[in-house]
Amino acid sequence: KTLGKKPSDVFWPGWFKGLVLERTGLLYGIQEPDDLILFDNDPSFLMGVRYYNSNLRVICAGMPCNGVLTLDAVKQILK
């Protein structure tokens, strides 16, 4: 997938974040999309990532999603 293959109705920065997350994972030998996690506070970005690859793990964290991202919240997600 590339930015040029993004559907026209998808928020491009979110799509791009998904692309970069996936490619960065590959550089570090992470082959499975569900082993990659993106924490972001912008629902529009997260929706774009989901459109890019619905197997990437995206967590809405911080305002406006659910307040402050804490270490305890991260530990809970990683369990």
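Being a predicted model, the structure only gives us computed values, none of them experimental.
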#### Entry: Residues which pass ring-ring contact (aromatic ring centres under 6.0 Å, His included) with Phe45, listed by chain and number, not counting sequence neighbours
Phe11
### Query
Going by the ring-ring contact (aromatic ring centres under 6.0 Å, His included) test, which pairs reach into residues 57-79, not counting sequence neighbours?
none
### Query
Mind checking who shares a hydrophobic cluster with Leu26, ILVMFWY linked at side-chain heavy-atom distances under 4.5 Å?
none
### Same apolar cluster: Ile59 and Met47, side chain cutoff 4.5 Å
no
### Message
I'd like to know whether CZ of Phe16 has more than 12 heavy-atom contacts from other residues, nucleotides or ligands below 6.0 angstrom.
### Response
no
### Query
Which residues satisfy the side chain to side chain contact (heavy atoms under 4.5 Å, CB included) test with Leu71, sequence neighbours excluded?
Lys75
### Message
Can you tell me which residue among Leu38, Leu21, Leu36, Ile77 is in a side-chain contact (heavy atoms from CB on, under 4.5 Å) with Arg57?
### Response
Ile77
### Message
Let me check something: do Val74 and Ile37 share a hydrophobic cluster, defined by ILVMFWY side-chain heavy atoms less than 4.5 Å apart, either directly or through other members?
### Response
yes
### Sequence-distant partners of Glu32, side chain to side chain contact (heavy atoms under 4.5 Å, CB included), two or more places apart
Asp34, Asp35
### Query
For the hydrophobic clusters of this structure (ILVMFWY residues joined by side-chain heavy atoms under 4.5 Å, transitively), does one cluster hold both Val20 and Phe39?
no
### Query
Residues in side chain to side chain contact (heavy atoms under 4.5 Å, CB included) with Thr70, at least two apart?
Val68, Asp72, Ala73
## Note on the structure
Residue set satisfying side chain to side chain donor-acceptor pair (under 3.5 Å) with Asn41, at least two apart, ordered chain then number -> none
### Pairs involving residues 54-79, ordered by first then second residue, that meet ring-ring contact (aromatic ring centres under 6.0 Å, His included) (sequence neighbours left out)
none
### Query
Under the salt bridge (charged side-chain N to carboxylate O under 4.0 Å, His left out) test, which residues partner Asp42, sequence neighbours left out?
none
### Query
Does anything in residues 9-23 pair up under salt bridge (Lys or Arg N to Asp or Glu O under 4.0 Å), and if so which pairs, sequence neighbours excluded?
Lys17-Asp40
### Task
Determine whether Trp12 and Val49 fall in the same hydrophobic cluster, where Ile, Leu, Val, Met, Phe, Trp and Tyr are linked whenever their side-chain heavy atoms lie under 4.5 Å apart.
yes
### Task
Scan for ring-ring contact (aromatic ring centres under 6.0 Å, His included) pairs involving residues 46-79, sequence neighbours excluded, and state none if there are none.
Trp15-Tyr52
### Message
Once ring-ring contact (aromatic ring centres under 6.0 Å, His included) is applied, what residue pairs with a partner in residues 54-79 remain, sequence neighbours excluded?
### Response
none
